[in-house]
Every structure is written in C-alpha cells, then in structure tokens.
**Q** 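Next up is a structure, given as structure tokens.
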Amino acid sequence: MSSARLTYDGKEYDLALIEGTEGEVGIDVQALRKVTSGAITYDPGYGNTGSCSSAITFIDGEEGILRYRGHSIEQLAERTRFIEVCYLLIYGNLPTEDQLQRFGEQVTRHTLIHEDMKKFFEGYPQTAHPMAILSSMVSSLSAYYPVGEDEEGMDLNIVRLLAKAKTIAAFSHKKSMGQPVVYPRNDLSYTQNFLHMMFALPVEPYEVSPVVDEALNMLLILHADHEQNCSTATVRMVGSSAANLFVSISAGINALWGPLHGGANQAVIEMLEHIRRDGGDYKKYVDKAKDKADPFRLMGFGHRVYKNYDPRAKLLKGAADGVLSELGVSDPLLDIARELERIALEDEYFVERNLYPNVDFYSGIIYRAMGIPTEMFTVMFALGRLPGWIAHWKEMRADATTRIHRPRQIYTGENVREVLPVSER
Ligand code: SDX
C-alpha cells in the first residue's frame with residue numbers, strides 16, 4: 001500500500017502514507033488544502049490526527065504496551081532510577097556510568113532555587129494550590145536564567161528545570177503546612193532529596209524510608225512520558241512559536257492540572273472519599289457514571305488511547321498492596337477502589353466502551369500512604385512528566401521541518417452583515 005486515494009468533488013487524489021517503525025500508518029494530508037483548493041480535515045479533539053512524528057515513546061493502546069525509547073516501562077520501573085529515565089527520554093539512550101554520574105551531579109548541584117524566588121512564596125496565600133505555584137514559578141525561571149538556544153545553554157536549562165522543579169514543589173508543600181522550607185542536600189539522590197525537602201523538619205531529624213523512596217522512584221518513572229497527551233501536545237504547541245523552554249513547560253503544567261488529565265489523580269481520591277462518606281455504595285456510583293443525564297464520571301477510568309488495561313495502572317495496582325503493607329498503612333479507599341473496579345469491569349457499559357482503570361486510578365492511594373497530601377498529587381504527576389515534556393520540546397525544536405502549530409477550523413458563524421447604528425439594532 002503506497003498511497004491513499006481520496007475522491008472529492010468529482011476528482012481523485014493520491015495522498016502519500018507515512019509508516020512508523022512499529023507499523024503505524026498515517027495518511028499525509030499536508031498538501032490537502034492546496035490540491036483540493038481549500039478542503040481541510042475535520043477532527044475535533046485530534047482523536048485521529050497525528051500532529052508530528054516522534055522517536056520518544058510508543059504506545060499500543062489495544063495491547064496495553066508503553067515503551068520509552070524502545071524500553072518497556074515494566075523493565076524500566078524494575079531496573080532503573082528516575083534520573084536515568086530522564087536522561088533516556090531527553091537524550092535518547094540510557095546513560096553510561098560516566099554519563100549518569102555527570103548528569104546526576106549536575107542535577108544535584110542545580111537543586112537550589114535563587115534566594116529571590118523564595119520571596120514569591122510570601123505572596124501566595126497558604127491555601128494556594130501547588131499547581132498554581134509550580135506553573136508560575138517554572139515560568140518565572142526564564143526571568144532568572146538566560147534562555148539562549150545554543151546547545152550548551154539549552155542543556156544547562158534542562159538540568160536547571162529538572163533540578164529546581166522538585167524544590168519548588170517541596171517548598172509549596174511547606175508553604176501549605178505553614179512550615180519553614182527545607183533546603184536540599186547534595187548527598188541525597190533525586191528522589192531522596194525531594195522527600196527530604198518535603199518531610200524534614202528543623203526540629204527533628206528525618207530519615208528517608210527506602211520503601212517510600214522506591215515507591216516514589218516507580219511512580220515518577222511510570223509518569224515520565226506518554227506521547228502526544230494533552231499537556232505534551234500543549235508544550236509542543238507553545239514551543240512551536242519559539243517560546244523558551246521554561247514557559248513552554250509551564251503551559252504543559254497548566255494543561256495537566258485539568259481533572260480530565262493529570263488532575264484526575266486528585267479527583268479519584270476525592271471521589272473515593274465521597275463514596276466512602278456516602279456509605280460505600282459502589283453500585284450507585286457506577287450507575288451514576290453510566291447515566292448520561294448525570295455529569296458524574298468514574299475518575300481514573302477510561303483513556304483516549306488505551307482500549308485495554310493501562311499498563312501503568314496494572315503496575316500501580318500490584319504495587320499498592322506492597323507499599324501499604326511495608327509502610328504498615330491500611331487504607332479503606334484501596335478496598336473501595338478495588339470493589340469499584342471489579343463492578344465496573346463486569347458492567348456492559350464499561351466493557352463495550354473499553355473503559356479500564358488508567359494511571360490515575362491507583363496512584364493516589366500510594367501517594368497517600370507515602371504521606372503526600374491530595375493537593376500535591378498532580379504536582380507529583382508533573383514532576384514525573386517533566387522529562388517527557390522536555391524531550392518533546394527538544395525533539396520538536398531540533399526538527400528543521402517544525403512549523404508554528406496553527407490548526408484550521410470550519411466556520412459556522414454569521415455570514416457577512418451590516419453594522420447598524422445602535423438606534424436601529
Ligand atoms: C490521563 O492522553 C494521555 O495519555 C493522558 C494520560 C497521560 O499519561 O498523559 O494517560 C493521563 O490524563 C489519564 C486520564 C485521566 N482522566 C480521568 O480519569 C477522567 C475520567 N476519564 C474520562 O473523562 C475519559 O475517559 C478521558 C478524558 C480519559 C478520555 O476521554 P475521551 O477519549 O474523549 O473519551 P470519551 O469522553 O469520548 O468517552 C467515550 C465514551 C463516552 O460514552 P458514549 O458517548 O460513547 O456513550 O465513554 C464514556 C463517555 O461518556 N466514558 C466514561 C468515562 N470515560 C469515558 N463514562 C464514565 N466514566 C468515565 N470515566
């Protein structure tokens with residue numbers, strides 16, 4: 001099959017095909033407007049539209065496969081540290097020992113934020129959502145660091161962003177607790193440093209629990225990239241205007257905040273708590289989710305791409321028991337989540353729509369067990385997704401064929417009409 005044949009307005013057009021390394025096929029419509037003198041494709045929500053070609057992440061939604069640069073997330077979650085996955089996504093291969101040592105050292109040494117940025121926190125109310133703080137502080141990094149486009153400058157800003165985002169996140173948690181911020185330590189790994197800044201107190205020593213550290217490492221790896229999801233597509237959209245790295249990533253943070261996207265992990269816990277307070281009547285909520293007249297949706301369920309069990313949800317469901325029992329935590333919400341899943345997956349409405357638990361369904365249970373407050377869950381998602389966003393921004397900027405993203409539309413408004421004097425309107 002070398003091309004697709006389109007018949008339109010009495011004429012036939014041969015449209016070239018593009019085939020990916022995993023056999024995916026795209027019909028190239030870049031010349032469509034020109035050859036048909038004006039017709040465009042129409043695909044609200046881009047469910048059938050490829051916005052780019054990318055070598056970073058492969059998802060097979062039917063088979064429930066997710067790979068970063070060819071490596072399965074199952075092996076990466078089991079065999080690597082998050083900092084290695086950051087390097088893999090951004091630079092294309094898992095780092096050698098030397099590369100890992102140098103990259104890890106660089107990220108460690110850039111973990112402090114500029115002392116002046118600490119003053120930003122004084123201006124936020126204690127109730128400020130940490131996602132609001134994260135997106136504005138990440139955007140403000142461009143006020144402190146040159147945003148040059150040379151390779152070295154870009155690599156340094158990539159390190160700064162990876163290093164400082166976790167500090168901003170931890171500081172926003174301290175702000176919400178009314179506690180003093182805790183400075184990072186250069187003897188700690190990426191995940192240990194974050195947990196230290198989150199939970200240490202000047203009045204008592206804090207020992208990072210290996211169980212919590214391992215759980216955090218897995219959670220960050222599982223969230224690290226997911227091809228052209230809403231927030232990554234936003235990063236590419238903003239970056240395509242030649243906007244700098246920091247503000248492009250800040251736009252991605254804002255897109256992730258929505259409850260239909262990364263905000264779902266917080267919404268899942270709020271939903272489970274609501275069901276528990278309401279007497280744990282799972283069936284009632286499964287029925288509400290099926291009722292078109294009811295705006296209620298089963299948060300953490302469904303996915304645009306996965307029409308099978310989200311492989312990340314499978315790993316998180318399996319890990320939840322282990323993490324909770326190793327931490328000596330029992331959480332009734334886990335039982336409710338399990339029951340809800342069981343009932344939904346036996347229900348025709350969910351089965352015929354291929355609605356399975358997604359990455360957000362179990363992640364919040366584990367964050368809770370680690371002592372992370374619900375409002376910080378989407379920030380945790382953002383910290384995980386950071387290397388993916390950076391990798392896509394870098395890939396797009398390195399692609400000489402990248403054009404500013406500017407979709408077309410079908411206009412359905414008024415035809416031309418006169419402006420009348422106000423007395424005659
Ligand atoms: C993430 O894209 C990514 O990769 C995202 C992500 C990533 O790593 O970046 O995987 C992270 O965002 C995961 C998704 C988190 N969001 C939620 O859990 C919110 C709840 N889920 C839904 O709102 C929904 O499933 C979406 C947003 C995830 C997907 O929406 P789509 O692809 O637009 O699907 P749809 O709304 O067209 O649903 C298809 C049908 C509809 O019913 P019908 O019109 O066919 O009768 O399924 C129904 C929907 O009503 N449906 C649900 C449902 N999800 C879809 N019904 C009840 N509960 C749900 N959760």
Side-chain angles (χ1 to χ4, degrees), residues 121 124-137 165-166 168-179 181 191 194-195 197-199 201 209 211-212 215-216 218-220 222-223 231 253-278 280 282 285 289 296-302 310 312-313 316-317 319-321 323-324 327-341 357-386:
F121 288 92
Y124 290 109
Q126 188 170 354
T127 53
H129 195 290
M131 284 294 274
I133 297 175
L134 184 65
S135 68
S136 47
M137 295 286 277
K166 69 178 179 305
I168 294 166
F171 281 20
S172 64
H173 170 59
K174 288 301 193 188
K175 165 81 189 180
S176 74
M177 301 292 282
Q179 293 172 358
V181 297
T191 47
F194 174 72
L195 294 166
M197 291 189 282
M198 279 284 286
F199 299 122
L201 283 167
S209 138
V211 174
V212 174
L216 176 59
M218 177 194 63
L219 281 158
L220 293 174
L222 293 183
H223 285 83
S231 53
I253 293 168
N254 288 310
L256 186 77
W257 194 359
L260 294 184
H261 189 13
N265 54 18
Q266 175 174 341
V268 166
I269 292 299
E270 289 163 353
M271 172 186 75
L272 295 174
E273 281 175 333
H274 179 81
I275 293 173
R276 183 175 59 155
R277 280 197 304 274
D278 191 25
Y282 326 110
Y285 286 89
F296 176 79
R297 283 204 156 183
L298 213 50
M299 301 312 279
F301 253 79
D310 182 332
R312 301 167 297 176
L316 290 171
K317 179 181 180 183
D321 264 337
V323 173
L324 268 69
L327 292 173
V329 169
S330 76
D331 186 345
L333 299 191
L334 178 56
D335 304 330
I336 294 178
R338 286 238 155 85
E339 266 307 291
L340 213 46
E341 176 189 346
N358 59 49
V359 66
D360 294 306
F361 194 63
Y362 286 105
S363 54
I365 303 273
I366 300 176
Y367 288 138
R368 265 162 66 94
M370 293 160 64
I372 292 172
T374 307
E375 281 225 321
M376 282 289 289
F377 287 5
T378 309
V379 169
M380 299 308 294
F381 193 141
L383 290 182
R385 187 51 52 89
L386 199 49

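This structure is a prediction, so every number in the text was calculated from the model and none was measured.
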**Q** For the residue pair I269 and I365, establish whether any side-chain heavy-atom pair is separated by less than 4.5 Å.
**A**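 They are in side-chain contact.
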**Q** Less than 3.5 Å apart, any donor N or O on the side chain of T374 or Y367 sitting next to an acceptor on the other?
**A**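 There is no such pair between these side chains.
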**Q** Hey, could you give me the CE/CG distance between M299 and N358, rounded to the nearest 0.5 Å?
**A**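 One finds 9.0 Å between CE of M299 and CG of N358.
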**Q** If you apply the rule side chain to side chain contact (heavy atoms under 4.5 Å, CB included), what do you find for D335 with E339, and how did you get there?
**A** CA-CA 6 Å; D335 304 330; E339 266 307 291; 6.0 Å; no
**Q** Taking the side chain as every heavy atom from C-beta outward, state whether F296 and M271 have any atom pair closer than 4.5 Å.
**A**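 Yes - at least one pair of side-chain heavy atoms lies under 4.5 Å apart.
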**Q** Quick one: pull up CG in L324 and CG in L334 and give me the separation to the nearest 0.5 Å.
**A**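 With rounding to 0.5 Å, CG (L324) is 6.0 Å from CG (L334).
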**Q** Filter on side-chain hydrogen bond (donor to acceptor under 3.5 Å, both in side chains), then keep only pairs touching residues 255-265, sequence neighbours left out; what's left?
**A**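 Found N229-H261, S231-H261, N265-T378.
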**Q** Report the distance from atom CG of L134 to atom NZ of K166, rounding to the nearest 0.5 Å.
**A**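 Answer for the CG-NZ pair, L134 versus K166, is 12.5 Å.
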**Q** If the threshold is 4.0 Å, N to carboxylate O, is there a salt bridge linking R276 and D331?
**A**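 Salt bridge absent between R276 and D331.
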**Q** Do Y362 and R312 come close enough that some side-chain heavy atom pair is under 4.5 Å?
**A**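 Y362 does not reach R312 side chain to side chain.
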**Q** Please examine the side chains of M376 and M198, heavy atoms only from C-beta on, and report whether any two atoms are closer than 4.5 Å.
**A**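 They are in side-chain contact.
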**Q** For R297 and A289, indicate whether the former's side chain and the latter's backbone hold a donor-acceptor pair under 3.5 Å.
**A**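 No, because the side chain of R297 does not come within donor-acceptor range (under 3.5 Å) of the backbone of A289.
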**Q** Any side-chain heavy atom of F381 sitting closer than 4.5 Å to one from D360?
**A**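 SC-SC contact between F381 and D360 confirmed.
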**Q** Using modelled atom types and a 3.5 Å cut-off, is there a donor and acceptor pairing between side-chain atoms of Q266 and backbone atoms of F377?
**A**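 Between the backbone of F377 and the side chain of Q266 there is no qualifying donor-acceptor contact (under 3.5 Å).
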**Q** Could you check whether the rings of H274 and Y285 sit parallel, tilted or perpendicular, using 30° and 60° as the cut-offs?
**A**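 Judged by the thresholds at 30° and 60°, the geometry between H274 and Y285 is perpendicular.
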**Q** Please round to the nearest 0.5 Å and tell me the distance separating atom CZ of R277 and atom CD of E273.
**A**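 Between atom CZ of R277 and atom CD of E273 there are 6.0 Å.
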**Q** Could you measure the distance from the CG atom of L386 to the CG atom of L220? Nearest 0.5 Å is fine.
**A**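 Output value for this atom pair is 10.0 Å.
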**Q** Under the salt bridge (Lys or Arg N to Asp or Glu O under 4.0 Å) criterion, do R338 and D321 qualify, and how do the steps go?
**A** CA-CA 11 Å; R338 286 238 155 85; D321 264 337; 3.6 Å; yes
**Q** Could you check M131 against L256 for side chain to side chain contact (heavy atoms under 4.5 Å, CB included), going step by step and ending with a plain yes or no?
**A** CA-CA 9 Å; M131 284 294 274; L256 186 77; 4.3 Å; yes
**Q** Specify the closest pair of heavy atoms between S135 and N254, including all atoms of both residues, with the distance to one decimal.
**A**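 Looks like OG-OD1, 3.1 Å.
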**Q** What heavy-atom pair brings S136 and Y124 nearest, and what distance separates the two atoms?
**A**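 Where S136 meets Y124 most closely, the heavy atoms are OG-OH, 2.6 Å.
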**Q** Side-chain contact test, heavy atoms from C-beta onward, threshold under 4.5 Å: evaluate it for K317 versus E341 and give yes or no.
**A**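 Touching, per the 4.5 Å side-chain cut-off.
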**Q** If every non-hydrogen atom of S363 is compared with every non-hydrogen atom of L219, which pair is closest and at what distance?
**A**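 In terms of heavy atoms, the two residues are closest at CB-CD2, 4.1 Å.
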**Q** So which heavy atom on S209 is nearest to which on L327, and how close?
**A**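 Scanning both residues completely, I find the closest heavy atoms to be OG-CD2, 4.1 Å.
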**Q** Considering all heavy atoms of both residues, which atom of Q179 and which atom of K174 are nearest to each other, and what is their separation?
**A**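 The answer is OE1-NZ, 2.8 Å.
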**Q** As an exercise, state the distance from CD1 of I336 to CG of L340, rounded to the nearest 0.5 Å.
**A**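 Spacing of CD1 (I336) from CG (L340) equals 8.5 Å.
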**Q** Do F121 and V181 have side chains that get closer than 4.5 Å, going by heavy atoms?
**A**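 Side-chain contact under 4.5 Å: no.
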**Q** Keeping the roles fixed (side chain from D310, backbone from P357), state whether a donor-acceptor pair exists under 3.5 Å.
**A**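 Side chain of D310 to backbone of P357: no pair is present.
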**Q** Which pair of heavy atoms, one from F361 and one from V268, lies closest together, and at what distance?
**A**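 Looks like O-CG1, 3.5 Å.
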**Q** Between V379 and I253, is there a side-chain heavy-atom distance shorter than 4.5 Å?
**A**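 Of all side-chain heavy-atom pairs linking V379 with I253, none is under 4.5 Å.
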